[in-house]
Trainee: 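Let me give you the structure first, and then I'll get to my questions.
Treat the numbers as computed from the prediction; the structure is a model and nothing was measured.
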Amino acid sequence: MLLEPLDLAVFIGYCLLIVGMGLFVSREKKGHVKNSSDYFLASKALPWWAVGASLIASNISAEQFIGMSGSGFALGLAISTYEWMAAATLLVVAIFFLPVYIKKGIYTMPGFLLDRYDTRVRTTMAIFWLLLYVFVNLTSVLYLGALSLNTILNIPLTYGIIGLALFAMIYSIYGGLKAVAWTDVVQVFFLIAGGLATTYIALQMVGNGDAWEGLGLLRKEVPGHFSMILSKGEMMIPDGKGGTYDAYKDLPGLSVLVGGMWITNLSYWGFNQYITQRALAAKSLDEAQKGMIFAGFLKILMPLIVVIPGIAAYVIVQNGIDTSFISSMEDPATGLIKSDRAYPTLLQLLPVGLKGLAFAALTAAIVSSLASMANSTSTIFTMDIYSKYFGKNATETQQVRVGRITAVVAFVIAAFVAPALGQLDQAFQFIQEYTGFISPGVFAIFFFGVFWKKTTSNAALVGAGLSIPLSVVLKLAFPDLPFLDRMGIVFLVLAALMIVISLYEGKGKDHPNSIDVNKELFQTSTSFKIGAFLISGIIAALYIIFW
């Protein structure tokens, strides 16, 4: 299906706006040469609303619009746990971890590990993160974005991957984080407005022209899709190969509230470079914390934009409301209904004008995340690998140049790997599972590094080094074990090992690089406390309603 002239005009206008704004904010004052602080931390000048908007634009990508809608199609509202628990996680990070990071004045998460532990821990985790960003994050976002272009405009996957990579590179590689963060403010408007438009049309279709009635019909038609806490055997979902498997493997009951979900969320929101980099670039700690609150409110809203459309698509398919819609949901190669085709198919239903806006929203989500991931990849490589081992005497200008080259290389590698994800039914779950191979180790070394003064460097190195092997062993030994539960088990094993090693090696003494944690460090403003109270109350109410 081709976009109408008005849709193309809206989309092209969006593209020109983003590229133009990115290049405009990247300009430097006459006589000023862009340095590493300008390029990697946006000159540490972001206000709270830019921090919050950039956090969401960096987070909400094809993996949410397409991947989470696909999971909404397959298993329902329960996938919203990732969004609502993320809002709660943002509060924890803002209170307990941001003050430490900003006090240290770090550029990167590996930089914090150097300050707290030693070079070995920093380098090990820097390499892990670089591999994760390039081979999982960048790759999956490029694939899911290209999938949407293929479904909507029939653009071949390869061309879509190349086009999205080039678009993200045009404005982000020259300007660095400043260009990424300020364009994210505009991107958030597009992704929310366009996303809500898609939700409205999908609900209208289910409700025979009445969106509000359509929302009510969703719960009536598929009540199982509105269960937030799944029990074993409650729901069987497609595996993408013509069979099914238990949804409990993806969302194992109460573990999503008190188990492994906290590990994956804290690892992502608290110790993930392309997320924390926005907060590190804030004007002050107070601005960074307010930005986290703003992002938390937006996270609560996101299931309405990315999950409800997937559930609506399931009802449309189940009830045979539209045969052309069902046909578009089928994988051309296998003829099977493919969950991740739900959102791109819904976009085809939008009226002229709104379709261009929704397509711009999806593209905004994709390119903003691509730009953020590439910028953080270049930041880690430049500051923690290149400057340490290859360019110890590199000038600020040389560091910026290396950062740009690294971003280009990361895009090229991801573009080659992305087509391999075509065998998946729910790419969102692929991202969560394989990120989870590293998350337990990341969580362990940061948590103990901040809150337990006796944690030694060797203990942290063991935690970092064993996270992937232990995860692989458990996956092979217990293939039916839900990956969130596996993450929780791996974390407990690593925590026990780190405690034993630290006590044995340190003989009960505090590590010389330990952090002085006191209650004054965790003081927050009144506005933050009010926002945190409201977010906590809303999350509690949502779980009570949909339990």
Trainee: Tell me whether Tyr82 contacts the main-chain N or O of Met68 through its side chain, where contact means a donor paired with an acceptor under 3.5 Å.
Mentor: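 No, because the side chain of Tyr82 does not come within donor-acceptor range (under 3.5 Å) of the backbone of Met68.
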Trainee: Backbone N or O of Met261 within a donor-acceptor pair of the Thr264 side chain at under 3.5 Å?
Mentor: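 The answer is no, because no donor-acceptor pair under 3.5 Å joins these two groups.
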Trainee: Main chain of Glu83, side chain of Ser80: is a donor-acceptor contact present, judged purely on distance under 3.5 Å?
Mentor: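 No, because the side chain of Ser80 does not come within donor-acceptor range (under 3.5 Å) of the backbone of Glu83.
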Trainee: Rounded at 0.5 Å granularity, tell me how far CD in Gln399 sits from OG in Ser378.
Mentor: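 Between Gln399 CD and Ser378 OG, I get 11.5 Å after rounding to 0.5 Å.
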Trainee: Compare all side-chain heavy atoms of Ile337 with those of Phe73 and state whether any distance is below 4.5 angstrom.
Mentor: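 Result yes, sub-4.5 Å side-chain heavy-atom pair found.
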Trainee: When you compare the side chain of Leu132 with that of Asn137, does any pair of heavy atoms fall below 4.5 Å?
Mentor: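 Yes. Closest side-chain heavy atoms under 4.5 Å.
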Trainee: What distance do Ile293 atom CD1 and Leu91 atom CG have between them, rounded to the nearest 0.5 Å?
Mentor: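 Reported to 0.5 Å precision, the distance equals 5.0 Å.
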Trainee: Kindly give the heavy-atom pair with the smallest separation between Leu164 and Leu370, and that separation in Å.
Mentor: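 Answer, listing the atom of Leu164 first, then Leu370: O-CD1, 4.0 Å.
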Trainee: Are side-chain heavy atoms of Tyr386 and Thr406 found at a separation under 4.5 Å?
Mentor: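 No - every pair of side-chain heavy atoms lies 4.5 Å or more apart.
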Trainee: Given Tyr389 and Thr123, is the side-chain hydrogen bond (donor to acceptor under 3.5 Å, both in side chains) satisfied, shown in steps?
Mentor: CA-CA 10 Å; Tyr389 298 105; Thr123 303; 2.6 Å; yes
Trainee: Ignoring hydrogens, what is the shortest heavy-atom contact between Ser54 and Ala181? Give both atom names and the distance.
Mentor: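 That closest heavy-atom pairing would be OG-CA, 3.6 Å.
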Trainee: For residues Ser527 and Lys290, determine if any side-chain heavy atom of one lies less than 4.5 Å from a side-chain heavy atom of the other.
Mentor: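 The answer is yes, as the side chains (C-beta and beyond) meet within the 4.5 Å cut-off.
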Trainee: Could you grab the distance from atom CD1 of Ile311 to atom CD1 of Ile308, nearest 0.5 Å is fine?
Mentor: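 With rounding to 0.5 Å, CD1 (Ile311) is 4.5 Å from CD1 (Ile308).
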Trainee: Hey, which of Lys103, Lys104, Arg122 is the one that makes salt bridge (charged side-chain N to carboxylate O under 4.0 Å, His left out) with Asp115?
Mentor: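 The salt bridge (charged side-chain N to carboxylate O under 4.0 Å, His left out) with Asp115 is passed solely by Lys104 among Lys103, Lys104, Arg122.
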Trainee: Quick one, Ile201 with Leu346, criterion side-chain contact (heavy atoms from CB on, under 4.5 Å). Give me CA distance, side-chain angles, the key distance, then yes/no.
Mentor: CA-CA 8 Å; Ile201 296 300; Leu346 283 170; over 6 Å; no
Trainee: Take Phe271 and Phe112 through the ring pair (Phe, Tyr, Trp, His ring centres under 6.0 Å) test and state the conclusion after the steps.
Mentor: CA-CA 10 Å; Phe271 321 129; Phe112 170 80; 8.5 Å; no
Trainee: Check Gly270 against Tyr101 and note the closest heavy-atom contact, atom names and distance.
Mentor: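 Nearest heavy atoms, Gly270 then Tyr101: O-OH, 2.8 Å.
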Trainee: Between Thr382 and Tyr107, is there a side-chain heavy-atom distance shorter than 4.5 Å?
Mentor: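 No, side chains not in contact.
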Trainee: Quick check for you: to the nearest 0.5 Å, what is the distance between Thr198 atom OG1 and Tyr343 atom OH?
Mentor: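 If I round to the nearest 0.5 Å, the distance is 3.5 Å.
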Trainee: Given side-chain contact (heavy atoms from CB on, under 4.5 Å), test Tyr268 with Asn59 step by step and report yes or no.
Mentor: CA-CA 10 Å; Tyr268 180 87; Asn59 165 246; 3.0 Å; yes
Trainee: Could you give me the CA-CA distance, side-chain angles and deciding distance for Thr363 and Phe167, then say whether side-chain contact (heavy atoms from CB on, under 4.5 Å) is met?
Mentor: CA-CA 10 Å; Thr363 308; Phe167 185 15; 3.9 Å; yes
Trainee: Checking Thr397 against Thr395 for the side-chain hydrogen bond (donor to acceptor under 3.5 Å, both in side chains) test, could you report, in this order, the C-alpha distance in whole Å, the side-chain angles of both residues, the deciding distance, and whether it holds?
Mentor: CA-CA 5 Å; Thr397 302; Thr395 64; 4.6 Å; no
Trainee: Could you measure the distance from the CG atom of Leu130 to the CZ atom of Phe135? Nearest 0.5 Å is fine.
Mentor: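 Here the rounded value is 10.0 Å.
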Trainee: When you compare the side chains of Gln277 and Thr379, does any donor N or O come within less than 3.5 Å of an acceptor on the partner?
Mentor: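 A donor-acceptor contact under 3.5 Å links the two side chains.
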Trainee: At their closest point, which heavy atom of Ala295 faces which heavy atom of Gly52, and how far apart are they?
Mentor: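 Closest pair (atom of Ala295, atom of Gly52, distance): CB-O, 4.0 Å.
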Trainee: With no hydrogens and no angle check, is any side-chain donor or acceptor of Trp48 less than 3.5 Å from a backbone partner on Ala288?
Mentor: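 The answer is no, because no donor-acceptor pair under 3.5 Å joins these two groups.
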Trainee: Taking the side chain as C-beta and beyond, is there a heavy-atom pair between Val92 and Trp269 under 4.5 Å?
Mentor: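 SC-SC contact between Val92 and Trp269 ruled out.
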Trainee: Before you tell me yes or no, could you show the steps for Tyr133 and Asn272 under side-chain contact (heavy atoms from CB on, under 4.5 Å), namely the whole-Å CA-CA distance, both residues' side-chain angles and the distance that decides it to 0.1 Å?
Mentor: CA-CA 10 Å; Tyr133 291 163; Asn272 182 355; 2.5 Å; yes
Trainee: Using a 4.5 Å cut-off on heavy atoms from C-beta on, say whether the side chain of Met109 contacts that of Ile380.
Mentor: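 Answer no - side chains too far apart.
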Trainee: Just how far is it from atom CD1 of Ile95 to atom CE of Met292, taken to the nearest 0.5 Å?
Mentor: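 Output value for this atom pair is 11.0 Å.
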Trainee: Charged N to carboxylate O below 4.0 Å: is that the case for Lys388 and Asp384?
Mentor: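 The answer is no: the pair does not qualify as a salt bridge.
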Trainee: Looking at every non-hydrogen atom in both residues, tell me the closest pair between Ala86 and Asn265 and how far apart they are.
Mentor: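 Where Ala86 meets Asn265 most closely, the heavy atoms are N-ND2, 3.6 Å.
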Trainee: Measuring only between side-chain heavy atoms, which start at C-beta, is Leu542 closer than 4.5 Å to Ile300?
Mentor: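 Leu542 reaches Ile300 side chain to side chain.
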Trainee: Does any N or O in the side chain of Thr199 come within less than 3.5 Å of the main-chain N or O of Pro309, such that one atom is a donor and the other an acceptor?
Mentor: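 Side chain of Thr199 to backbone of Pro309: no pair is present.
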Trainee: Of all the heavy-atom pairs spanning Asp7 and Pro351, show the shortest one and how long it is.
Mentor: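 Nearest heavy atoms, Asp7 then Pro351: OD1-O, 4.2 Å.
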Trainee: Just by distance, do the side chain of Ser439 and the backbone of Ile263 share a donor-acceptor pair under 3.5 Å?
Mentor: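 Absent.
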